[in-house]
Amino acid sequence: MEKEIQMEKTYNPEFEQRIYNFWMKNKCFEAHVNPDKEPFTIMMPPPNITGQLHMGHALDQTVQDILTRFKRMSGYEALWLPGTDHASIATEVKIVEKMKNEEGVTKMDVGRDGFMERAWAWKEQYGGRIVEQLKRLGSSCDWSREAFTMDQNCSNAVLDAFVKYYNKGLIYRGDRIINWCPHCKTALSDAEVEYNEQQSNLWYYRYPVVGEDDYITIATTRPETMLGDTAVAVNPKDEKMAKYIGKMVKLPLTDREIPVVGDDYCEIGFGTGAVKITPAHDPNDFELGLRHNLPVIRVIDDGGLMNENAGAYQGMDRLTCRKAVVADLEKLGLLEKIEPYAHNVGECYRCGETVEAVVSKQWFVKMKDLAAPAIKAVKSKKIEFVPKRFEKIYFNWMENIKDWCISRQLWWGHRIPAYYCDQCGETVVAKSMPEVCPKCGGTHFHQDEDVLDTWFSSALWPFSTLGYPRKTKSLGYFYPTSVLVTGYDIIFFWVARMIFSGLEFMCDVPFSEVLIHGIVRDSQGRKMSKSLGNGIDPLLIIDKYGADALRFSLATGIAPGSDTRYTDAKTESARNFINKLWNASRFVIMNIGKDDDLTFPSKLNGADKWILARLNDVIKEVTINLNKYEIGLAAARLYDFTWTEYCDWYIEMSKPLLYSKDKKEHNHAVAMLTYTLTEILKLLHPFIPYITEEIYSKYAEKGSILMKSDWPSYNKRFAFRKEEKNFEGLRELIVAIRNTRAEMGVAPSKRLNAYVKATDKKFMEKSAQYLEKLAGIGSVTFVEDKSEITERWTAIVTNIAEVMIPMGDLIDFEKERERITKEIAQAEAEIKKAKGLLSNQGFVAKAPQKLIDNEKEKLLRAEDRLQKLQDKLQELA
RNA sequence: GGACGCUUAGCUCAGUUGGUUAGAGCACCUGCCUUACAAGCAGGGGGUCACUGGUUCGAGUCCAGUAGUGUCCACCA
């Protein structure tokens with residue numbers, strides 16, 4: 001090794017940016033259509049590129065990046081499709097407001113007006129740090145490049161999809177009750193409405209029956225809508241109320257008379273037995289209105305104010321009107337009573353304004369025919385959710401789905417490609433403005449003012465990003481994609497819609513697996529939100545601890561689908577682990593001599609065989625777990641192996657050889673340490689890419705671990721079961737000696753002399769050096785029989801050996817007796833349990849043989865140990 | 001109202017088809033600046049796995065019920 005290696009004593013993540021640039025320069029993240037490799041396509045939810053990365057995104061990114069790197073190293077052509085589309089960017093109000101203010105734009109078709117380009121150009125100014133943040137997190141995706149190309153494709157796909165849906169009769173325009181946000185002045189889909197409990201009242205008041213001295217009492221939570229009532233409904237089977245059917249009642253505060261209709265919708269025995277019907281402002285009432293041919297009278301306008309149909313109340317805000325209506329009813333003596341009432345009120349998920357149900361002309365996607373194949377795809381396991389329980393949520397939604405309202409009255413978004421003939425009003429749906437009206441021959445058209453729901457374009461993401469509607473090579477190669485990674489909060493918005501869109505336009509599922517992870521909460525378990533102000537900027541964490549530390553802390557201890565809390569303590573622990581890896585690597589690298597040959601040694605010693613056997617198991621388990629998307633388990637296993645087995649034991653055990661004056665021995669140790677370290681670095685690379693890359697580049701001739709390395713594989717040659725077992729015994733012995741020393745209060749610097757009686761003498765002779773190095777033993781004398789020892793002694797008993805320590809070296813006899821008595825109790829308990837199991841006929845008859853043998857062996861060992869301990873106690877007495 | 005989770009050490013959480021003495025991090029106690037690492041090393045204490053019952057040779061793990069808690073969906077005026 002020629003290069004001068006310098007490593008700081010403490011890990012410092014400042015090299016991260018340099019490593020990132022190296023990856024970009026060498027195009028490490030590019031995926032190509034490659035017939036020799038199997039594609040593995042990963043999708044991610046759309047982060048808002050002009051906004052800030054939050055912990056949820058950081059988790060998304062980390063999970064996906066781990067999978068991408070793992071798959072790349074495993075020989076796949078791994079591509080990930082980042083969902084940065086106009087949909088997400090359009091939600092960034094700052095950008096669109098800038099356009100409004102500085103350019104005077106009032107209508108923006110984001111697919112065609114260069115919206116994306118300008119948004120990207122402005123992202124720096126407007127705090128849009130997301131790309132910077134994603135880069136710093138180590139995201140293996142060229143964001144700036146992807147976003148531009150995808151923007152183009154996305155627009156084409158949207159037009160194509162809309163026209164195809166329409167031609168198949170799957171899109172229609174019509175009057176329906178929709179959720180309306182008076183603040184945003186737009187329609188909302190059902191999924192965009194959040195319900196929260198509010199304290200309100202239930203108002204009871206009377207509708208006088210026309211021509212009779214009678215009245216019907218109704219109850220409502222929204223008195224102001226009575227101005228739009230067009231009927232009162234009672235149940236025809238209700239004996240008390242049925243008599244009113246066909247009669248008219250006077251609608252107070254108006255000059256209208258409205259009919260009483262009979263309908264099952266009104267539940268017998270519930271409330272007053274009669275329901276006011278307001279078809280324009282309640283979905284159930286609207287349906288009922290259709291059944292009874294009732295007129296639809298809107299009384300609330302788009303801004304939440306009472307309109308001209310509200311008579312004297314016109315112009316009032318709907319809540320002011322509510323008070324006025326109640327007061328006026330009271331004046332007329334029609335108000336019966338007011339009861340406090342808690343009920344759920346729909347709120348706009350974006351602005352929080354109370355949502356009004358209003359009837360309006362909107363565009364819809366007919367869901368019934370689209371949902372059926374989408375349900376089938378999951379039932380038939382063409383798509384699988386991980387964890388599986390989320391399939392139920394999906395089915396529940398899909399099976400009860402209503403038509404999807406896709407028009408929005410926002411002024412930015414994809415404009416609906418519907419054109420109306422100025423002459424005859426004919427509707428033409430086409431990718432571009434038609435020249436001639438097919439009905440009247442007119443040549444002037446105007447385009448529908450509405451734009452599409454942002455999720456309409458997002459639903460096309462799996463193929464629009466790959467070039468659809470063109471039949472590109474990428475589309476053929478990468479579609480269907482392999483796995484979608486997202487949080488459970490987005491199943492309805494996005495996942496479900498991608499599934500039916502993919503089936504409709506590509507005739508195939510968009511992905512075969514949906515990996516659902518939880519959301520990141522704050523340290524108190526609260527959802528991170530802007531209004532609470534408890535969100536944590538990942539960039540601050542990265543500044544403090546480094547990106548690898550953040551990634552590792554997000555990846556450790558998470559179970560698929562479960563929420564996780566963010567605490568600095570976790571990140572600190574991850575950082576400490578990285579520091580440990582750094583120092584272990586530093587130690588190994590520092591010891592690589594100029595002429596050392598790092599090729600794998602042809603002859604292995606016991607410790608080598610032990611670590612290789614352990615490493616082998618780790619490789620197997622980590623690979624299996626990553627393939628199962630058990631990222632948390634994989635990370636935890638690597639943490640444990642690296643720290644405990646490699647650092648605490650193997651490195652320590654290799655020191656005698658490493659410091660040996662025999663050059664060959666030193667070289668052997670260095671080669672083995674390096675080999676194991678390299679395997680560890682490869683396994684850890686997906687989790688902590690920066691530091692592994694940095695360390696690797698310090699000693700490996702060819703630089704990049706990401707580019708040059710294959711994922712480690714299980715090697716049968718290294719399944720050294722016997723050595724593994726011996727060394728586990730040795731570790732046990734060393735721990736027992738240390739334990740005794742600590743309990744006896746032996747100073748750490750004090751070397752003890754020891755007599756050793758071994759079960760496997762050959763092995764113990766070779767291992768004496770480890771007792772010296774790791775257990776503070778000064779000199780080891782082997783004995784065949786305890787009688788050979790002339791001093792008084794006490795013993796440390798384990799399965800592979802008894803170690804006799806001369807009493808002169810120990811301090812407290814009484815304590816030693818206590819310790820031995822405790823151990824005897826332990827051994828006795830073990831014997832009792834094993835005997836119990838083995839005398840249990842059921843166990844012996846039904847348990848697997850391996851387990852029975854295990855138990856027998858355990859019993860023998862424990863009995864042997866007990867005997868030795870009892871002897872020892874005798875000695876001490 | 002419907003569905004789905006969760007309850008394991010003081011705190012935050014792992015625990016993959018049932019099978020050694022139920023694990024980790026943080027916190028705590030004791031002793032160490034041992035020539036990679038004090039962001040460290042060695043040792044230690046701490047758990048009736050919410051409760052009750054069942055299946056089984058064997059249950060933290062499977063089944064049923066109870067209690068507490070959380071999320072999603074629907075929403076009856």
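Protein chains get the first letters and strands the later ones, always in sequence-line order, with residue 1 at the start of each.
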**Study point:** Pairwise P distance, rG5(B) and rA14(B) [rounded to whole Å]
**Key:** 15 Å

Review point. Given the P atoms of rC63(B) and rU55(B), what is the spacing between them in whole Å?
Key: 16 Å

Exercise for review: Answer with base, sugar-phosphate or nothing: what part of the nucleic acid does K655(A) contact at a heavy-atom distance below 4.0 Å?
Suggested key: base

Study note, to complete from the structure: Pairing partner of rA39(B), by Watson-Crick or G-U wobble and under 3.5 Å for both distances, is none

Check your understanding: So what does T556(A) hit on the nucleic acid, given a heavy-atom distance under 4.0 Å: a base, only sugar-phosphate, or nothing?
Key -> nothing

Exercise for review: Tell me what N344(A) touches on the nucleic acid: a base, only sugar-phosphate, or nothing, going by heavy atoms under 4.0 Å.
Suggested key: base

Review point. Looking for any heavy atom pair under 4.0 Å, which part of the strands does W203(A) touch: base, sugar-phosphate only, or nothing?
Key: nothing

Exercise for review: On RNA chain B, check which nucleotide each of A636(A) and C266(A) is closest to and give me the residue with the more 5' one.
Suggested key: A636(A)

Exercise for review: Using a 4.0 Å heavy-atom cut-off across all strands, classify R389(A) as base, sugar-phosphate, or nothing.
Suggested key: sugar-phosphate

Exercise for review: For Y341(A), answer base if it contacts any base atom (sugar-phosphate contacts may also be present), sugar-phosphate if it contacts only those atoms, and nothing otherwise; contact means non-hydrogen atoms under 4.0 Å.
Suggested key: sugar-phosphate

Practice item. Just call it for T564(A): base, sugar-phosphate, or nothing, with non-hydrogen atoms closer than 4.0 Å on any strand. Key: nothing

Review point. What is the nucleic acid contact for F492(A), judged by heavy atoms within less than 4.0 Å: base, sugar-phosphate only, or nothing?
Key: sugar-phosphate

Revision key, fill the gap. As its Watson-Crick or G-U partner within any shown strand, both distances under 3.5 Å, rU61(B) has none

Exercise for review: Send over the distance from F552(A) CZ to rG25(B) C1', rounded to a whole Å.
Suggested key: 11 Å

Exercise for review: Kindly assign one of parallel, tilted or perpendicular to the pair Y696(A) and Y699(A), based on the angle between their ring planes and the thresholds 30° and 60°.
Suggested key: perpendicular

**Study point:** Listed nucleotide nearest any side-chain atom of H343(A), set rC41(B), rU71(B), rA77(B)
**Key:** rA77(B)

Exercise for review: Pick base, sugar-phosphate or nothing for N625(A), based on heavy-atom distances below 4.0 Å to the nucleic acid.
Suggested key: base

Exercise for review: Check every strand shown and say whether V844(A) touches a base, only sugar-phosphate, or nothing at a heavy-atom separation below 4.0 Å.
Suggested key: nothing

Practice item. Look at the side-chain N and O atoms of N840(A) and state whether any lies under 4.0 Å from the OP1 or OP2 oxygen of rG58(B). Key: no

Review point. Pick one: which of K388(A), E630(A), H517(A) meets side chain to side chain contact (heavy atoms under 4.5 Å, CB included) with P560(A)?
Key: E630(A)

Check your understanding: When you measure from the centre of the six-membered ring of Y545(A), is the NZ or CZ of R575(A) under 6.0 Å away and within 45° of the axis?
Key -> no

Study note, to complete from the structure: Between the OH atom in Y488(A) and the CZ atom in R389(A), the distance rounded to the nearest 0.5 Å is 9.5 Å

Practice item. Establish, yes or no, whether a centroid distance under 6.0 Å links the rings of F385(A) and Y394(A). Key: yes

Practice item. Pick the C1' atom in rG54(B) and in rU61(B), then give their distance to the nearest Å. Key: 15 Å

Practice item. Among the candidates rG31(B), rC76(B), rG25(B), find the nucleotide nearest to the side-chain atoms of Y639(A). Key: rG25(B)

Check your understanding: What does D563(A) touch in the nucleic acid at a heavy-atom separation under 4.0 angstrom: a base, only the sugar-phosphate, or nothing?
Key -> nothing

Review point. Mapping S562(A) and R575(A) onto RNA chain B by nearest heavy atom, which one lands closer to the 5' end?
Key: S562(A)

Review point. If you measure from the P atom in rG68(B) to the same atom in rG58(B), how many Å do you get, rounded?
Key: 32 Å

Practice item. Please measure how far the C1' atom in rG47(B) lies from the corresponding atom in rA22(B), and state the result in whole Å. Key: 9 Å

Practice item. Quick one: look up who rC75(B) pairs with, Watson-Crick or G-U, both distances under 3.5 Å, and put none if it's unpaired. Key: none

Practice item. Find the partner of rU56(B): check Watson-Crick (N1-N3 plus N6-O4 or O6-N4) and G-U wobble (N1-O2, O6-N3) distances, both under 3.5 Å, and reply none if neither fits. Key: none

Exercise for review: Ignoring backbone atoms, establish whether N739(A) has a side-chain N or O less than 4.0 Å from OP1 or OP2 of rG44(B).
Suggested key: yes

Check your understanding: Across all strands shown, which nucleotide pairs with rG5(B) by Watson-Crick or G-U wobble geometry, both distances under 3.5 Å?
Key -> rU69(B)

Check your understanding: Touch check for F390(A), heavy atoms < 4.0 angstrom, all strands: base, sugar-phosphate only, or nothing?
Key -> nothing

**Study point:** Among rC73(B), rC37(B), rG40(B), the nucleotide that comes nearest once only the side chain of N579(A) is considered
**Key:** rC37(B)

Revision key, fill the gap. Considering only heavy side-chain atoms of P748(A), the closest of rU16(B), rC32(B), rC73(B) is rC32(B)

Review point. Base, sugar-phosphate alone, or nothing: which one does T10(A) contact when heavy atoms must sit under 4.0 Å apart?
Key: base

Check your understanding: Does the ring of F552(A) carry K570(A) above it, NZ/CZ under 6.0 angstrom from centre and within 45° of its axis?
Key -> no

Exercise for review: Taking atom types as modelled, find out whether D568(A) and Y566(A) have a side-chain donor-acceptor pair closer than 3.5 angstrom.
Suggested key: yes

Check your understanding: Using atom P of each nucleotide, how far apart are rA24(B) and rG18(B) to the nearest Å?
Key -> 24 Å

Practice item. Indicate whether OP1 or OP2 belonging to rC41(B) is found under 4.0 Å from a side-chain N or O atom of W643(A). Key: yes

Check your understanding: K628(A) side chain: which of rU56(B), rA39(B), rU16(B) is closest?
Key -> rU16(B)

Check your understanding: If we ignore angles and hydrogens, is there a donor and acceptor under 3.5 Å between the side chains of N179(A) and D190(A)?
Key -> yes

**Study point:** Gap in Å between the two P atoms, one belonging to rU7(B) and one to rC51(B), rounded
**Key:** 13 Å

Exercise for review: Side chain of L633(A) only, please: which of rG15(B), rC76(B), rC73(B) is the nearest?
Suggested key: rG15(B)

**Study point:** N or O in side chain of N576(A) less than 4.0 angstrom from rG40(B) OP1/OP2
**Key:** yes

Practice item. Give none if rC28(B) has no partner; otherwise give the nucleotide forming a Watson-Crick or G-U wobble pair with it, both distances under 3.5 Å. Key: rG44(B)

Review point. Contact class for A584(A) (heavy atom, under 4.0 Å): base, sugar-phosphate, or nothing?
Key: base

Revision key, fill the gap. Of the listed rA36(B), rG40(B), rG15(B), the closest approach to the M590(A) side chain comes from rA36(B)

Review point. For the side chain of Y11(A), counting heavy atoms from C-beta on, which of rC75(B), rA39(B), rG43(B) is nearest?
Key: rA39(B)

Point to revise | Any Y659(A) side-chain nitrogen or oxygen under 4.0 Å from OP1 or OP2 of rA36(B) | key: yes

Exercise for review: Report the base-pairing partner of rU21(B) (Watson-Crick or G-U wobble, both distances below 3.5 angstrom), or none.
Suggested key: none

Check your understanding: When rounded to the nearest Å, what value does the distance between C1' atoms of rG2(B) and rA74(B) take?
Key -> 7 Å

Exercise for review: Would you give the length of the straight line joining atom CD1 of I734(A) to atom NZ of K773(A), rounded to the nearest 0.5 angstrom?
Suggested key: 11.5 Å

Exercise for review: Can you figure out which of rC37(B), rG19(B), rC41(B) approaches the side chain of K9(A) most closely?
Suggested key: rC37(B)

Practice item. With the side chain of Y195(A) defined as its heavy atoms from C-beta on, choose the nearest nucleotide among rG25(B), rC73(B), rA74(B). Key: rA74(B)

**Study point:** Any-strand Watson-Crick or G-U partner of rU34(B), both distances under 3.5 Å
**Key:** none

